[in-house]
Each structure stands twice: as structure tokens, then as C-alpha cells.
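All remarks here apply to the structure that follows.
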Amino acid sequence: MSDNRSQVLEEPIVDEPAPTAQAPRHGFFERLYTGTGGFQIVGRRKMYYVAAAVLIVVAVLSIALRGFTLGIEFAGGTKFELPAAADVSTSQVEQVYSEAVGHSPAAVQKVGTGSGASFQIRSETLEPGQQGTVVDALFTNFHPKNSQGEVNRNAISVSQISETWGGQITRKAVIALVVFILLTMVYIAIRFERDMSIAAIASLLFNLVVTAGIYSIVGFEVTPAAVIGLLTVLGYVLYDNVVVFDKVEENTRGVLHLTRRTYGEQANLAANQTLMRSINTTVIGILPIIALLVVAVWLLGVGMLKDLALVQLVGMVVGAYSSIFFAVPLLVSIKERFGPVAAHTRKVLAKRESGGSGRSGDAPARRSAVSAGRSSGETSGARSRDGGSGTPRPGTRPTGKRHKRRH
């Protein structure tokens, strides 16, 4: 029994690595679905920083050099709408306009399909006499029909917006955008702690700049509907940041009192756990927007719906990227720059390095000590069995002579 007891007491000291089965290798989609931290989002943050910096530089350069294609509501001007015939092209319409007033229009595009198709002609502000000349030329060359199918000059509609009114609309749109961003910053500062607020605001500005840059590069027309859609998208980005940061806050609660994982590792786990949710939310949000684009462009030809859907489509994709691959790594970088999180991260990494080297160097010595202890235990056990000076085991019969008591 003493042998068994000595083995039980000494077994936990052994530092020999137990044979472990090889961990199963999960596929890409399985890691994405389970969210077990298989993607190194925080660990590869430098790569995502470089990608974000490239997007921002390209967007800023495009905005500075190309500018925006402002709609008639912002820039002012005259717009003609001509019912489209099957054998008429945009180049023909542009040529008739140029011959009538002596210069090319700002833009000519065909919207809608079937009987609802029409040509929209945008130009600089024209005098009433010039407007009449253009309408006469369009009517003479294309003989447009009204909704009753009759050839009528009134089938051509004319709308004009002065540059002064367009400037007022632009100023009000900018004010609305600035007020929204300021209110959002105030909410974020109250809702989150300081470092999370900085990361969330940076993600919001990143989304705003990149979305505006894409509009400038592609040449999408900026209209009041696009500004409204942009405000909607910024609200979506804010919502996505709140969800992701809530998970980060949940995973990192009490992490400074532990020494097994760093703040960055827990934040990376939170990003993985919300990655699939962000993808699902974005896909579900994009599907009705694509349907809206199909209805607006190919069926109804409603320009306002097209502008609203375009900015939402671009903004939601950029927002989903920024909330996971920009906001979370930026938060970890800020945390690990200074403060208790930085000290905790250094402590955990130092412990891992020292623990790994200590275990590898002390293992042979500890194994030899254990084997020596076992040998000494076996020797003492043999001595006790052979009648040595050791204490007899319970239940054994005495071997010495029994002395009779003297009376």
C-alpha cells in the first residue's frame, strides 16, 4: 500500500507530454460559420491598415482632382425629358440639341423601359428662348407622343433650377451631414469608453470618405436622394459598430485579471464571432437594394430610386468591411499603445516566453528527480519488507519474541 501511495503522490510531478491526437482541420466555411477565431483579423492588422490607407488615398485624390458629378438640384441648370422611341439613340438626341443651341449638353441618358422609357437631357441654365428652340428641334426630329399615343409638342417636359437655389440645397445638405456626424460622435462617446469611441468615429469617417470617393471615381450623379441614402448608410455603419464592440466588450471583460490571453486575442475572437453575422446582415440588406435598382432602372426609370439604392449598395459593403477589418484592429492598436492593456499584453507575452523555455529546460531534471524518488521509494519498501528499521505495515504479524510479564 505504501508503494501505491507513493506512486499516487508522485505521479502529478511528471512533466512528460501526454500523447495528444492531431486536432481536426476545419474548412474555410466551417471556421467562418462557427466563429471560433480561425481568422487572424487582429494579427494581420497591418495588412488591413495598408488596404484602408490605399482606399483613403485613392478616394481623396479622386475627390480633389475629379470632383463630383452634381445633379441638377445642386448645380442648377435645365433638364429636358423626351419620350423615347424604339429607333432613337442618345447620340441622335445629343446631336439635335447641339445643333439647336451651339454646344453639347451636360448629359444625355435613357431611363426606363418599354412605353415608359424617356431621354433625360441635362444642360447648363438656358434662357426661355433657347429652351423653346431646343423643344422645337426635338419635336421636329423625333415627333414624340404623349400618354394617349398622340404626337404632341407638350410631350416634351422642361424643368429649370437656378444656380442660387442649387447652392442653397447644397449648403443645407452639407449642414445636415455635418450635424448628423456630430450627433453620432456624441452618442458614440457616451455609449462606449474612450478608445472604442475613437475607433468607431474613425470607422464612420472611413466609410464616409471611401463611399464619396467611389461616387467620384465611377461618376455617379450626386442628388438629394444620394445624400439621404448616405445618411441612412452611416446609421447602418453605426449600428454594426455597436454590435461588434458589444461583443468585444463582452469577451474582454475581466481579461486584465487573467494571464492566459491578451486583449487583442479576445478582440480577435469577438471579430470572428460577429463576422458571419455581419456578412448575413449585409447580404440580406443588399438583396432588396438590388431589387430596387432593377425596378428603378429597367422598369420604372425613376432616377430618385436609383440614386437612393446606389449609395446604399456602396455604403453597406464598405460599412461591413470597416466595422470588422478596420474598427476592431484600430481599437486593439489604441489599447496596446499605452495604459493597463499594454502592460497586460507585455506581461502575458513575457510569461509565455519564460514558461515555454522553463518547461523545455526543466523537464529532463524533473523527470530524473521523479525517477530517483521512485527508486528510493522502492528501496525503502524492500527494506521494510525484509525486516529493516522501517515502520511495519498495518496488519502484519510481529516477528520478535514476546516477553512474558513478570509478576
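Atom set for the values below is all heavy atoms of this structure, side chains included, hydrogens, waters and symmetry mates excluded.
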(request) Verify whether one side chain among S104 and Y97 offers a donor that lies under 3.5 Å from an acceptor in the other. (result) no

(message) Whether the K247 and T274 side chains hold a donor-acceptor pair (N or O, under 3.5 Å, no angle test) is what I'd like checked.
(response) no

(request) Answer yes or no: is there an ion pair linking K335 with E193, defined by an N-O contact shorter than 4.0 Å? (result) yes

(message) Going by the rule side-chain hydrogen bond (donor to acceptor under 3.5 Å, both in side chains), which residues pair with S62 if we only count those two or more places apart in sequence or in a different chain?
(response) S216

(message) Apply side chain to side chain contact (heavy atoms under 4.5 Å, CB included) to residues H103 and S98 and explain how you reach the verdict.
(response) CA-CA 5 Å; H103 60 81; S98 301; over 6 Å; no

(message) So I121 and L138, do their side chains get closer than 4.5 Å, heavy atoms only?
(response) yes

(request) Indicate yes or no for a side-chain donor-acceptor contact from E81 to the backbone of S157 under 3.5 Å, with no hydrogens or angles considered. (result) no

(message) Any carboxylate oxygen within less than 4.0 angstrom of a Lys/Arg side-chain nitrogen, looking at E265 and R260?
(response) no

(request) Measure the spacing between CD1 of I156 and CZ of F80 and express it to the nearest 0.5 Å. (result) 9.0 Å

(request) Give the C-alpha distance, both sets of side-chain angles, the deciding distance and a yes or no for side-chain hydrogen bond (donor to acceptor under 3.5 Å, both in side chains) between S322 and S203. (result) CA-CA 6 Å; S322 65; S203 174; 3.3 Å; yes

(message) For G132 versus R153, what's the shortest heavy-atom pair and its separation?
(response) O-NH2, 3.7 Å

(request) Decide yes or no on side-chain hydrogen bond (donor to acceptor under 3.5 Å, both in side chains) for Q273 and N251, but give the supporting numbers first. (result) CA-CA 10 Å; Q273 290 171 340; N251 283 10; 3.1 Å; yes

(request) Taking the side chain as every heavy atom from C-beta outward, state whether T232 and Q312 have any atom pair closer than 4.5 Å. (result) yes

(message) Side chains of R261 and V348, heavy atoms from C-beta outward: is any pair under 4.5 Å?
(response) no

(message) For Y321 and T282, which I'm curious about, is there any donor-acceptor pair between the side chains at under 3.5 Å?
(response) no

(message) Do V248 and M196 have side chains that approach each other closer than 4.5 Å (heavy atoms only, starting at C-beta)?
(response) yes

(message) Tell me whether D240 is salt-bridged to R277, with the criterion being a basic N under 4.0 Å from an acidic carboxylate O.
(response) yes

(request) Check whether more than 12 heavy atoms from other residues, nucleotides or ligands sit under 6.0 Å from atom CD of E127, and answer yes or no. (result) no

(message) Any heavy-atom pair between the side chains of L330 and F326 that's under 4.5 Å?
(response) yes

(request) Considering non-hydrogen atoms only, spot the tightest contact between Q266 and V255 and give its length. (result) CG-CG2, 3.9 Å

(message) Less than 4.5 Å apart, side chain to side chain, heavy atoms only: is that true for K145 and P83?
(response) no

